[in-house]
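Notes follow the structure.
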Amino acid sequence: MCGIVGFIDFANDEADRNMHQLKCMSDSIPHRGPDADGVWSDPNCNVYIGHRRLSILDLSPEGAQPMPSSCGRYIVSYNGEIYNFAELKKILENRGHIFRGHSDTEILVEYISIFGIKDALKIIKGMFAIALWDKKRKSLFLTRDHFGKKPLYYGLIDGKLFFCSELKSVLSSFESKPKIDRAAYNQYLRFGFISSPNSIFENVYKLRAAHYIEFDVNALCNMPSSSLVEKISNCSVCYWDVRENIKNENQNFQSDEEILETFKKKIFSAVEQRMVSDVPLGAFLSGGLDSSLIVSVMMQISEKPVKTFSIGFNEGEFDESHHARSIAKHLGADHHEFFVSDDEARGVIPQLSYMYDEPFSDVSQIPTYYVCQRAAQDVTVVLSGDGGDEFFYGYSRYFMIEKLFKILKSKPHLLKSFISQSINSAPKSLLNAICSGAGISHKRLLKIAECLPAQDFDELVRRAMSNYQDPKVISGYAYEHQNVFTNGYVSEQVSDYRDRLMLFDILQYMTDDVLVKVDRASMINSIEVRCPLLDKDLAQWALSVPANKKILGNATGKKMIHDLLGYYVPSELYDRPKQGFSVPIAQWLRGPLNEWANDYLSTEALQKSSLHDTKLVRRLWEDFQAGKHESVNVLWSVLMGQTWHERWMS
């Protein structure tokens, strides 16, 4: 696991100055690669490439990057792991190639040198962000893995076309400070993250998952700056379309037993590939279905007990540690359990804006950071259960939203809007009475009220997933970037509502929230997280399984995971409602975090950042403190936006 940086200089700076800037970009992300760093340049083409190394396979200098191909044509700097490297190595050895080391980087660059990058993308399996310089064609090729496990930013600043793993490489090394993209900030206020291909800055982009982009220096060097900006913003190419795996894969499964057997083979293969490591390895164990299955399979493969890691909190509502403890004991894992005090959990909050160097407000970033920090004391690689919710219908909303849509689609829009407004304006005492009678939470009732005015399924999902329905009211800026709910990218090809929900999550929430959260929290602690349930072959197969085969009962997903886990763990240890991975942020904001939040939500602080409507935010904050509403998500987003602005833009 590593970090990559580099640029093509169209401003024709001096070579020494460019090398100094490249080193500054690399030095800004030492956590991504504490074991070594390397640089490569071709001053004749004004190309500069850097790399930070966290050694996982081949700890010797033979695995160092940037790495040239043996033919000398290609230079690669890449972040990630290629899990089927052994298969690729055999192909190359059968052609007579002799390797100088045993890193997956060498196998990757040699495979590319023979078959080309586009053919390589058809066969490689892993998590990766790759920068490849082709000396012969004078082209820079950037690409990102199938689900966006590894980050890759690119853009144009000061006449330099750059790429990097984290935005701090740009913010700490370029003279010009990029301008905030206010339409992207509105998207952040809606969802709590900024979805690809946008970033928080103008002319800076995230390369989409499963996309590549090629920059031909000869074609770009004579372009005016305005044309160059337009060119780089619209030239990525999709090499693997996740939608087509639902549309085109129509396998006929004869029985649940056959499905379970196929799933078992694929999950064992995925886990086994991810257990290859030259450094200590373990697993996260929350006690939920996904991580419990991963650890169960690891224990079947491993010759010794697997090191597992879980984290606990004093508040019982948010603590799953006892579930993880029971499952680890049953499996015989070498379990490591850590309890984080309230003070510790709150103590990391000032560091969040540094870790997530664009606004990000998924509150589970806090426990994720701590479980990574604790695991890093014993291992360098951990396996996790990420991907299970998205590919196997793990979220309750897959069933609730579909059910709500069936109820609402035939009702008049005016009636739905009237009911929504009535709920939102009702006294809290009346709402509490309604909630008590209906057996639902106050928060859920208000979310239903937000969803009622939706006029189609995609709008209903967008409303359900939004922290705030009208971000421009908070920001004072009128525009917001398109997203997968509004651009038709999913709905134009996928008709099944549950599959559409799943794809919304895979293409946006998983890539730009869940995986960003895990990447930054793990890399700031210099550990690598591998996700067997995001194996390309396993995920592609899971997408093709008919929807009804993934459902356990009437309103619960993950049938395959549930059924396979039953072979290794008694059902009473895992049959329970999904709990999630969070912290009591509302209680903290009214209690020990109140003074901190007051500082960032003061009139002076809000006016200084100019990101939000001061009067509206002050009213939201005061009403929240008075107990008039529980809209903690939008307040947390504003707070994370405020702390981000102070850290990076002041």
Side-chain angles (χ1 to χ4, degrees), residues 180 182-194 346 349 352-353 359-363 417-435 441-453 462-480 583-646 649-650:
I180 294 175
R182 298 299 296 268
Y185 193 77
N186 272 357
Q187 191 179 74
Y188 160 72
L189 289 174
R190 178 180 297 282
F191 296 118
F193 58 87
I194 298 169
R346 293 189 296 269
I349 290 173
L352 294 176
S353 60
F360 185 80
S361 64
D362 183 335
V363 73
S417 296
F418 173 76
I419 296 172
S420 175
Q421 292 171 10
S422 299
I423 293 173
N424 285 319
S425 60
K428 189 173 182 179
S429 58
L430 177 58
L431 294 181
N432 289 336
I434 294 172
C435 292
S441 67
H442 185 269
K443 181 179 180 181
R444 178 155 293 180
L445 177 63
L446 291 178
K447 176 56 73 173
I448 291 173
E450 290 179 1
C451 294
L452 288 177
R462 177 175 60 80
R463 284 177 169 272
M465 296 291 287
S466 295
N467 291 334
Y468 201 79
Q469 298 302 327
D470 198 2
K472 66 177 180 290
V473 174
I474 298 179
S475 70
Y477 186 78
Y479 301 102
E480 181 181 347
V583 293
I585 200 67
Q587 293 95 308
W588 289 355
L589 288 178
R590 289 192 175 109
L593 286 181
N594 190 262
E595 184 177 349
W596 168 83
N598 261 323
D599 288 341
Y600 282 102
L601 299 181
S602 68
T603 298
E604 181 182 3
L606 290 165
Q607 290 176 343
K608 183 178 181 181
S609 72
S610 299
L611 292 173
H612 314 99
D613 181 288
T614 301
K615 290 183 178 179
L616 175 61
V617 172
R618 287 298 306 166
R619 186 169 68 251
L620 282 171
W621 174 235
E622 290 165 2
D623 287 349
F624 172 78
Q625 293 180 94
K628 295 180 180 179
H629 69 81
E630 297 298 320
S631 300
V632 69
N633 288 340
V634 66
L635 285 170
W636 186 249
S637 292
V638 170
L639 281 163
M640 290 296 97
Q642 289 286 100
T643 59
W644 171 84
H645 190 276
E646 180 186 65
M649 304 306 291
S650 295

So, do [X] and [Y] sit near enough that their side-chain heavy atoms are less than 4.5 Å apart?
{"X": "Ser353", "Y": "Glu646", "answer": "no"}
{"X": "Ile180", "Y": "Leu611", "answer": "yes"}
{"X": "Asn424", "Y": "Leu446", "answer": "yes"}
{"X": "Arg618", "Y": "Thr614", "answer": "yes"}
{"X": "Trp596", "Y": "Arg346", "answer": "no"}
{"X": "Met640", "Y": "Ile349", "answer": "yes"}
{"X": "Tyr468", "Y": "Leu189", "answer": "no"}
{"X": "Ser361", "Y": "Phe193", "answer": "no"}

What pair of heavy atoms forms the shortest contact from [X] to [Y], and how long is it?
{"X": "Trp621", "Y": "Leu589", "value": "CH2-O, 3.6 Å"}
{"X": "Val634", "Y": "Asn467", "value": "CB-O, 4.2 Å"}
{"X": "Ser420", "Y": "Ala449", "value": "OG-O, 2.5 Å"}

Find the distance between [atom1] ([X]) and [atom2] ([Y]) and round it off to the nearest 0.5 Å.
{"X": "Thr643", "Y": "Asp599", "atom1": "OG1", "atom2": "CG", "value": "12.5 Å"}
{"X": "Ser609", "Y": "Met649", "atom1": "OG", "atom2": "CE", "value": "11.0 Å"}
{"X": "Asp623", "Y": "Lys628", "atom1": "CG", "atom2": "NZ", "value": "5.0 Å"}
{"X": "Cys451", "Y": "Gln469", "atom1": "SG", "atom2": "CD", "value": "6.5 Å"}

Within the side chain of [X], is there an N or O that forms a donor-acceptor pair under 3.5 Å with the backbone of [Y]?
{"X": "Asn186", "Y": "Ser475", "result": "no"}
{"X": "Ser466", "Y": "Phe191", "result": "no"}
{"X": "Asp613", "Y": "Gly476", "result": "no"}
{"X": "Gln642", "Y": "Ala605", "result": "yes"}

(message) Taking the six-membered ring of Phe624 as reference, does the cationic atom of Arg590 (NZ for Lys, CZ for Arg) lie under 6.0 Å from its centre and within 45° of its axis?
(response) yes

(message) Is there a side-chain contact (heavy atoms from CB on, under 4.5 Å) between Lys608 and His645? Walk through the geometry before answering.
(response) CA-CA 9 Å; Lys608 183 178 181 181; His645 190 276; 5.8 Å; no

(message) Do the side chains of Glu450 and Lys447 get close enough for a salt bridge, i.e. N-O under 4.0 angstrom?
(response)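 A salt bridge links Glu450 with Lys447.
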
(message) Regarding Asp470 and Lys472, does a basic nitrogen lie under 4.0 Å from an acidic carboxylate oxygen?
(response) yes

(request) Determine the sole option in Ile474, Leu620, Leu601 for which the side chain to side chain contact (heavy atoms under 4.5 Å, CB included) test with His612 is passed. (result)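 For His612, the side chain to side chain contact (heavy atoms under 4.5 Å, CB included) check succeeds only for Ile474.
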
(message) Is the ring pair Tyr185/Tyr188 parallel, tilted or perpendicular, if the boundaries are 30 and 60 degrees?
(response)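 Aromatic pair Tyr185/Tyr188 classed tilted.
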
